[in-house]
S.K.: 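Sharing a structure with you now.
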Amino acid sequence: MIAVVDYGMGNLGSVEKALKYIGSDCVITSDAGVIADASGVILPGVGSYAPAMDELTNRDLVTPLIDCAYSGKPLLGICLGMQLMLEGSEENNLERRETKGVVSGLGIIPGFVRRFPDNGLKVPQMGWNKLVDVTGRLLTEGDYVYFVHSYYCQLGLTSDNAASTEYGIKYCSSFEHDNIFGMQFHPEKSGAAGLEILKKFVAETKA
């Protein structure tokens with residue numbers, strides 16, 4: 001059973017539908033016990049960084065997610081969920097008056113979330129784009145997948161980079177560290193390529 005984490009800020013229905021389409025048992029939950037008992041965990045996300053961290057904190061989900069990451073259980077962060085797994089983000093830092101210039105995240109993966117620079121391209125990036133420099137075991141070089149985001153992950157360790165994408169700059173569009181996976185794109189909205197990625201993630205939960 002895969003637990004899809006409900007903290008009020010994710011494409012829960014789309015992720016659930018995609019998982020069921022590929023024949024995977026899943027449950028949408030904010031229960032720490034269910035997350036602990038699941039064979040794999042997906043942290044989706046749509047919205048702003050600081051409110052998302054507030055929701056995870058208020059629902060007592062921060063420690064269960066960190067415990068999951070260190071347990072060896074497959075954990076996948078999607079879009080904002082990927083970003084939350086880093087140390088922090090520039091997003092919302094001004095209204096929060098953060099002294100370090102970032103809003104703190106889960107700190108599972110070294111790195112910080114940065115806003116796309118002003119390079120003449122429309123922000124947010126919205127639409128299909130290509131995965132390049134693929135090293136991640138869930139991904140395929142050259143696949144086109146679906147993105148919607150204004151911020152990107154700047155990793156602390158280049159060895160965690162599982163794929164890159166170009167949008168004015170070349171940035172990390174997926175990371176991988178042992179059992180921990182992050183995808184800036186939405187596999188649940190990326191057609192056949194995305195379903196194949198989710199199938200490979202499900203297979204990780206059964207390994």
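Note that these values count all heavy atoms, side chains included, but never hydrogens, waters or copies made by symmetry. None of these values were measured; they are calculated from a predicted model.
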S.K.: How close do S150 and P124 get, counting heavy atoms only, and between which atoms?
M.R.: OG-CB, 3.2 Å
S.K.: Hey, what else clusters with V27 if you join Ile, Leu, Val, Met, Phe, Trp, Tyr whenever side-chain heavy atoms sit under 4.5 Å?
M.R.: M1, V34
S.K.: With sequence neighbours left out, what residues match Y49 under ring pair (Phe, Tyr, Trp, His ring centres under 6.0 Å)?
M.R.: none
S.K.: Could you list all the ring pair (Phe, Tyr, Trp, His ring centres under 6.0 Å) pairs where at least one residue sits in residues 102-135, not counting sequence neighbours?
M.R.: F116-H149, F116-Y152, F116-Y167, F116-Y171, W128-Y146
S.K.: Suppose we screen for side-chain hydrogen bond (donor to acceptor under 3.5 Å, both in side chains). Which residues come up paired with S164, at least two apart in sequence or across chains?
M.R.: N161
S.K.: Please examine the side chains of F147 and M126, heavy atoms only from C-beta on, and report whether any two atoms are closer than 4.5 Å.
M.R.: no
S.K.: Using residues 61-71 as the side-chain source, report each donor-acceptor pair under 3.5 Å to any protein atom, sequence neighbours left out, with the distance given to one decimal.
M.R.:
residue, atom, partner, partner atom, Å
S71, OG, C68, O, 2.7
S71, OG, K73, N, 3.1

S.K.: Verify side-chain contact (heavy atoms from CB on, under 4.5 Å) between L56 and L84, making sure each step is shown before the conclusion.
M.R.: CA-CA 10 Å; L56 290 177; L84 293 171; 4.0 Å; yes
S.K.: I'd like to check N92 versus V103 (side-chain heavy atoms, cut-off strictly below 4.5 Å). Are they in contact?
M.R.: yes
S.K.: Can you check whether P110 reaches L155 side chain to side chain, under 4.5 Å on heavy atoms?
M.R.: no
S.K.: For residues 3-14, which side-chain donor-acceptor pairs fall under 3.5 Å, sequence neighbours excluded?
M.R.:
residue, atom, partner, partner atom, Å
D6, OD1, G8, N, 3.1
Y7, OH, P44, O, 2.7

S.K.: I'd like to check V134 versus T140 (side-chain heavy atoms, cut-off strictly below 4.5 Å). Are they in contact?
M.R.: no
S.K.: Restricting to side-chain hydrogen bond (donor to acceptor under 3.5 Å, both in side chains), what partner residues turn up for T165, sequence neighbours left out?
M.R.: S173
S.K.: Only pairs at least two apart or in different chains count here, so list each salt bridge (Lys or Arg N to Asp or Glu O under 4.0 Å) that has a residue in residues 12-38.
M.R.: E16-K20
S.K.: What verdict does the side-chain contact (heavy atoms from CB on, under 4.5 Å) test give for H177 and I109, after you've listed the backbone C-alpha separation in whole Å, the side-chain angles of each residue and the deciding distance to 0.1 Å?
M.R.: CA-CA 8 Å; H177 185 92; I109 295 290; 3.8 Å; yes
S.K.: Between the main-chain N or O of G111 and the side-chain N or O of E87, is there a donor-acceptor pair closer than 3.5 Å?
M.R.: yes
S.K.: Considering only heavy atoms from C-beta outward, does the side chain of Q184 approach that of C153 to under 4.5 Å?
M.R.: yes
S.K.: Quick one: side-chain hydrogen bond (donor to acceptor under 3.5 Å, both in side chains) pairs with a partner in residues 195-207, sequence neighbours left out?
M.R.: R137-E204
S.K.: Side chains of L75 and I108: does their closest heavy-atom pair fall under 4.5 Å?
M.R.: yes
S.K.: Holding to side chain to side chain contact (heavy atoms under 4.5 Å, CB included), I want the full list of residues that pass it with N119, two or more places apart in sequence or in another chain.
M.R.: P117, L121
S.K.: Taking all non-hydrogen atoms of both residues into account, name the closest pair between Q154 and R114 and its distance.
M.R.: OE1-NE, 3.2 Å
S.K.: If you define the side chain from C-beta out and look only at heavy atoms, does anything of L76 sit under 4.5 Å from V41?
M.R.: no
S.K.: Quick check: closest heavy atoms across G45 and H186, and the distance to 0.1 Å?
M.R.: O-CE1, 4.3 Å
S.K.: Which residue pairs pass the salt bridge (Lys or Arg N to Asp or Glu O under 4.0 Å) test with at least one member in residues 141-163, sequence neighbours excluded?
M.R.: none
S.K.: Nearest 0.5 Å, please: how far is CG in L139 from OG in S174?
M.R.: 4.5 Å
S.K.: I'd like to know if the side chain of E91 pairs up with that of Q83 as donor and acceptor (distance under 3.5 Å, no hydrogens or angles considered).
M.R.: no
S.K.: Do F185 and N129 have side-chain heavy atoms sitting under 4.5 Å apart?
M.R.: no
S.K.: Could you work out, with salt bridge (charged side-chain N to carboxylate O under 4.0 Å, His left out) as the rule, every residue matching E55, not counting sequence neighbours?
M.R.: R59
